[in-house]
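Residue numbers start at 1 and run along the sequence shown.
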Amino acid sequence: MASIDSKDIHKIIVACDAGMGSSVMLASQLRKQLKDTGVSVEHTPVNEIPADADVVVCHSGLAARARASAPDKVLVPFQIFLGDPAVTKLVATIKNGGTVDA
């Protein structure tokens with residue numbers, strides 16, 4: 001299982017399937033929540049996850065594709081686009097310190 005210390009997180013990718021508005025909204029929400037942390041948040045298709053990503057956030061239905069596209073990245077799958085506990089935990093860990101496990 002991959003993991004990363006919160007101080008080593010500089011770039012989060014919100015990966016989506018077809019560029020639906022929901023994942024764009026999640027990326028925007030994460031940007032706002034993390035604006036004072038120095039962590040950048042980008043939105044990309046699940047098959048185009050950039051090599052410099054530290055953490056990949058995607059809907060659980062896309063998790064297998066995200067793992068195939070970026071097998072060495074920490075993956076945070078979620079069920080609900082807004083207010084999911086996995087995403088809330090990721091934000092809290094980045095702000096308060098700790099380790100994010102995939």
Test item: [X] side-chain N/O and [Y] main-chain N/O as donor-acceptor pair under 3.5 Å:
| X | Y | answer |
| --- | --- | --- |
| T88 | D84 | yes |
| K7 | G98 | no |
| K95 | T37 | no |
| S6 | T99 | no |
| D8 | I4 | no |

message: Using the side chain to side chain contact (heavy atoms under 4.5 Å, CB included) criterion, which residues pair with N47? Sequence neighbours excluded.
response: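 With sequence neighbours excluded, N47 shows a side chain to side chain contact (heavy atoms under 4.5 Å, CB included) to R65, given in chain and number order.
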- prompt: Going by atom types only, do H43 and S23 share a side-chain donor-acceptor pair under 3.5 Å?
  reply: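 Looking only at side-chain atoms, S23 and H43 do form a donor-acceptor pair, the distance falling under 3.5 Å.
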message: So, taking the atom named CD1 in I9 and the one named OG in S40, what distance separates them when rounded to the nearest 0.5 Å?
response: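 Rounded to the nearest 0.5 Å, the CD1-OG separation comes to 11.5 Å.
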Nearest-0.5 Å distance, CD1 of residue I13 to OG1 of residue T44: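 Rounded to the nearest 0.5 Å, the CD1-OG1 separation comes to 5.0 Å.
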- prompt: Ion pair present between D54 and K11, side-chain N to carboxylate O less than 4.0 angstrom?
  reply: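 No.
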field: Test log, rule side chain to side chain contact (heavy atoms under 4.5 Å, CB included), inputs V74 and D101
entry: CA-CA 7 Å; V74 173; D101 298 311; over 6 Å; no
field: Hydrophobic cluster identity match, L62 and L26, side-chain contacts under 4.5 Å
entry: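 Result: no, two separate clusters.
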- prompt: Is the H59 ring parallel, tilted or perpendicular to the F78 ring (thresholds 30°, 60°)?
  reply: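 Ring orientation of H59 relative to F78: perpendicular.
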